[in-house]
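Here's the structure we're looking at; comments come further down.
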Amino acid sequence: MLELKHNGTLIQTIREGGWFTLPNGDHVSPAMAGWSNDEGYALSEAPEPAPVLPMLAAIKASAQAEMLAWVDNFTAIFTADTPIDERLSWDAKEAAARAWLAGTATAEQEALLRAEAEITGESTDNLALLILANADLFRAVIGRVSGLRRTTSDAINAAETPEAVQAVLDAAKAQALAMAAALGLSL
C-alpha cells in the first residue's frame, strides 16, 4: 500500500500500480512510491500495519472452552463407556444400593439391583458395594472438578493479560493432575 500525502499530511492510502485521483481532480497513473508533484502531493510506502494481537476477551473465551474440554476429558474417565440412560440411573442405583445394604430397600430398588446382578452373575450384596464404591469415588472427583472449574473460570475472567490467562490454565492443569494422582487416577 502507498500513502498519498499533501505537504506531509496523510490524505488516503492507495494500491500501488493503479489509477488514483488527487483532491483537485487530476488523475494519476501508475501509483508508485516516490511520485510527487509541484503542488505538494507525494506517494510513499505505507508503514507495515502493527500486528493485531488477539483481544483479551477472545483469549479468555478460548481459555474457558479449553478448560471445559479438559474437564470433560477428565470426567470421561468415569462416563465415556456408559450410555447416557445408564448414567441417568446412577442416583437411583446408589439409593437402591444404600437401602439394600441397610435392609430398607423397596421392591422397586430390589428389582433394580437384582436385574443387573442376575445378568452379571454377582451377588446383590457385591453389586451394591461396587455401586457405592463407584458412587463415592465419582462424588469425590466431581466435587473437586466442580471446585477447580469454578475457581479456574473466575481466575480466567480476572486475568488482565494473555500471559496471565495462560498461567491460570497451566496452574489449573497442574492442580488437576495432582488431584487425580491423590485419588489414585491417571490422566
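Below, each value reflects all heavy atoms present in this structure, side chains not excepted, and no hydrogens, waters or symmetry copies.
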State yes or no: do [X] and [Y] share one hydrophobic cluster built from I, L, V, M, F, W and Y residues joined by side-chain heavy-atom distances below 4.5 Å, directly or via other members?
X: Met67; Y: Ile77; answer: yes
X: Val145; Y: Leu169; answer: yes
X: Met179; Y: Leu68; answer: yes
X: Phe138; Y: Leu132; answer: no
X: Leu183; Y: Leu130; answer: no

Are the side chains of [Y] and [X] in contact, using a 4.5 Å heavy-atom criterion?
X: Glu45; Y: Glu3; result: no
X: Leu56; Y: Thr161; result: no
X: Arg150; Y: Ser153; result: no
X: Asp26; Y: Thr21; result: no

Roughly how far, to the nearest 0.5 Å, is the [atom2] atom of [Y] from the [atom1] atom of [X]?
X: Arg149; Y: Phe74; atom1: CZ; atom2: CZ; result: 14.0 Å
X: Thr82; Y: Arg87; atom1: OG1; atom2: CZ; result: 6.5 Å
X: Leu129; Y: Trp100; atom1: CG; atom2: CH2; result: 11.5 Å
X: Leu113; Y: Glu118; atom1: CG; atom2: CD; result: 11.0 Å
X: Glu116; Y: Ile131; atom1: CD; atom2: CD1; result: 5.5 Å
X: Thr152; Y: Gln175; atom1: OG1; atom2: CD; result: 6.5 Å

Using every non-hydrogen atom in the two residues, find where [X] and [Y] come nearest and quote the distance to one decimal.
X: Pro30; Y: Gly17; value: CB-O, 3.8 Å
X: Ala117; Y: Leu127; value: N-CD2, 3.8 Å
X: Asp72; Y: Thr75; value: O-OG1, 3.2 Å
X: Ala128; Y: Ala97; value: O-CB, 3.6 Å
X: Lys60; Y: Ile156; value: CE-O, 3.3 Å
X: Arg15; Y: Ala31; value: O-CB, 3.6 Å

Side-chain H-bond candidate by donor/acceptor type, Trp90 with Asn134, under 3.5 Å: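 There is no such pair between these side chains.
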Pair Asn157-Gln64, side-chain donor/acceptor within less than 3.5 Å: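 Distance-only check passes for Asn157 and Gln64.
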Thr120: side chain to side chain donor-acceptor pair (under 3.5 Å) partners, not counting sequence neighbours: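 Residues passing side chain to side chain donor-acceptor pair (under 3.5 Å) with Thr120: Glu122.
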Whether Gln166 side chain and Glu163 backbone form a donor-acceptor pair below 3.5 Å: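 No; zero donor-acceptor contacts below 3.5 Å.
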Under 3.5 Å donor-acceptor, Ser146 side chain and Ile142 backbone: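 Looks like yes, one N/O pair under 3.5 Å.
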Presence of salt bridge, Asp136 and Arg98, under 4.0 angstrom: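 Salt bridge: yes.
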N-O pairing of Lys173 and Glu66 below 4.0 Å: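 Result for this pair is yes, salt bridge flagged.
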Side-chain hydrophobic cluster, 4.5 Å single linkage: members besides Val28: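 Traced through the cluster, Val28 reaches Leu2, Leu4, Ile11, Ile14, Phe20, Leu22, Trp35, Tyr41, Leu43.
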Heavy-atom neighbours of Met1 CE exceed 12 at 6.0 Å: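 Correct, the count exceeds 12.
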Residues that Leu112 engages under side chain to side chain contact (heavy atoms under 4.5 Å, CB included), provided they are two or more places apart: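 For Leu112, the residues satisfying side chain to side chain contact (heavy atoms under 4.5 Å, CB included) (neighbours in sequence not counted) are Ala92, Lys93, Ala96.
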